[in-house]
Amino acid sequence: MDNYNNNFIQRVRDFAYGQNLFAVENIIVGVSGGPDSMALITALYELSKCEEDFPNLYAVHVNHGIRKDDAINDQKMVEKYCSDLGISCTSYIYDIPAISKDMGRSLEETGRIMRYKAFDEVAKSICGDDYETKSYIAVAHHRDDVSETMLMNLFRGSGLDGLVSPRSISGRIIRPLLCVTKNDILNYLDASDINYAIDYTNGELDCTRNIWRNKVIPSIREVSVKDPEEALNDTYELLREDSDFIESIASDVYDKNVIRCGSWFALPIDVVTKAHKAISSRLIRRLRKDNYGSLVDFGTVHLNLVYKFIEAANQSTMTLDMPFGTICYVMSGYIGFCGNDEDMLFIACEVARKIGVIALSDDVHTEIAIKSENTTKIPNSSIQIKTQIFENIDGLEYNDTSWFIPIYGGEITGVVAVNGLSKRKFTRAGSLSGKSLGRVMSDMHIPRDARDRVVGICYGEDYLWIPGIGHTNGFVSSKSFDAWRKANPTPVGYLRVEIIGG
């Protein structure tokens with residue numbers, strides 16, 4: 001390898017290790033066959049030969065079904081080159097024009113979506129369910145791409161984050177060539193005698209990026225005192241430092257306040273509304289990204305819609321339709337994003353659990369067998385109901401998850417765990433008046449969708465206990481036991497009902 005090639009590899013190495021891009025077990029490399037990706041796979045291969053504990057390399061080639069015979073030739077070239085290097089290569093063929101039409105997206109965006117779908121499929125086949133932690137995806141963006149993307153995003157009205165894109169690492173996506181220019185790449189390939197494909201569509205002006213690359217930037221170069229790529233990269237570095245600082249503050253706020261509802265995430269609305277807009281905008285974008293994996297189809301216009309939505313929100317559940325069938329919701333003081341009504345029900349139950357009650361999206365009607373000591377599991381849940389019979393309750397320790405029912409003789413039957421109670425009248429033990437459980441739950445700001453999902457324990461018509469809300473008879477503490485004992489005859493024993501895993 002000559003001095004030029006050594007210098008190129010050293011620059012990529014120093015940049016990648018400095019950005020911690022190789023701290024993973026496996027790297028999935030996107031290889032189109034063009035000069036950028038051929039330089040990327042070659043540079044990573046060269047590093048793998050001389051660096052200890054270098055990640056395992058796997059190549060993925062995607063044929064977009066656009067350039068017909070040329071695309072097939074590119075595929076064969078990539079597969080042979082990877083085979084010569086001893087790198088496993090998986091090829092995919094997609095009809096991007098047809099898929100683009102079905103999805104209602106541009107060819108560019110559809111191609112990107114399908115490429116990353118292919119990358120993830122290969123990662124899953126290699127790493128299994130842990131693919132997100134055990135693999136990175138390497139793509140061949142280089143230094144010139146920074147100026148193109150920066151200008152494109154500037155004229156889309158992007159904020160600071162859009163002006164410092166692409167990053168050397170974004171989630172699982174790494175870009176080891178951001179330290180080199182297109183000319184560096186071409187010189188490296190020529191010096192190494194490496195063949196590459198020329199995609200004629202890169203010269204056409206019907207693709208947004210191509211217009212910036214082939215028409216706008218050259219025009220700027222004619223009137224600019226400084227080379228536009230160099231000037232934009234200098235600005236990129238300055239803005240990136242500012243962005244990183246603001247992002248670190250926003251991340252601290254987000255991490256301290258986010259709640260998880262299964263695979264979904266939500267934030268308290270007041271955390272968003274009380275933050276400076278530079279922080280709140282990042283909180284909303286991070287929330288959107290964590291729920292959907294990316295910020296595709298979530299631009300400034302959508303961010304502003306969410307701001308207006310929050311301003312109009314109250315404690316009741318409200319929803320806002322977002323692009324491609326997604327939903328932004330506010331619910332009991334939380335804001336989040338999800339996909340459909342079924343997701344909303346699940347999230348409502350999780351928010352209700354955060355408030356302190358037990359809510360399950362499935363219908364619940366579980367009969368509890370009463371023995372001296374017994375445990376009954378509610379189907380399709382992690383919740384168990386433990387029952388114990390005591391003759392004497394004096395000296396017993398109470399807790400927040402137990403309820404006591406007096407026993408006056410005979411077999412105890414008809415104790416059930418059940419939901420769908422919102423219309424039932426609820427009169428707290430010791431009170432003379434009551435109201436519907438739905439009203440009680442509304443006062444507690446339990447989400448509307450979850451109110452008929454809240455689980456209670458019933459024993460006949462007179463005894464009802466809803467953990468987190470209260471009980472109509474019986475007792476739950478030494479204080480309530482003393483009050484109950486004054487108003488009721490002495491029983492022959494007591495049944496304790498305890499919720500485990502609620």
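As the structure is a computational prediction, the values presented were derived from the model and not from experiment. Only heavy atoms go into these numbers, but all of them, side chains included; no hydrogens, no water, no symmetry mates.
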I need the full list of ring pair (Phe, Tyr, Trp, His ring centres under 6.0 Å) pairs touching [range], with sequence neighbours left out, sorted by first then second residue.
{"range": "residues 213-246", "value": "none"}
{"range": "residues 54-80", "value": "F22-F54"}
{"range": "residues 146-173", "value": "F155-W212"}

Using the test salt bridge (Lys or Arg N to Asp or Glu O under 4.0 Å), find all partners of D36 that sit at least two apart in sequence or belong to another chain.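 K182.
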For D400, what residues pass the salt bridge (Lys or Arg N to Asp or Glu O under 4.0 Å) criterion, not counting sequence neighbours?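 D400 satisfies salt bridge (Lys or Arg N to Asp or Glu O under 4.0 Å) with no residue once adjacent residues are dropped.
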Going by side chain to side chain contact (heavy atoms under 4.5 Å, CB included), name the residues that satisfy it together with I217, two or more places apart in sequence or in a different chain.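 Residues passing side chain to side chain contact (heavy atoms under 4.5 Å, CB included) with I217: S147, E148, L151, R221, P228, E229.
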L287: what forms a side chain to side chain contact (heavy atoms under 4.5 Å, CB included) with it, not counting sequence neighbours?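 Applying side chain to side chain contact (heavy atoms under 4.5 Å, CB included) to L287 gives Y254, F265, L267, N291, I335, F337.
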Test side-chain hydrogen bond (donor to acceptor under 3.5 Å, both in side chains) applied to [X] - qualifying residues, sequence neighbours left out:
{"X": "E51", "answer": "R13"}
{"X": "Y92", "answer": "E121"}
{"X": "E109", "answer": "R112"}
{"X": "Y307", "answer": "S280"}

Using the salt bridge (Lys or Arg N to Asp or Glu O under 4.0 Å) rule, collect all pairs that involve residues 124-139, keeping only residues at least two apart or in two chains.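 As it turns out, the salt bridge (Lys or Arg N to Asp or Glu O under 4.0 Å) pairs with a partner in residues 124-139, which skip direct neighbours, are D130-K134.
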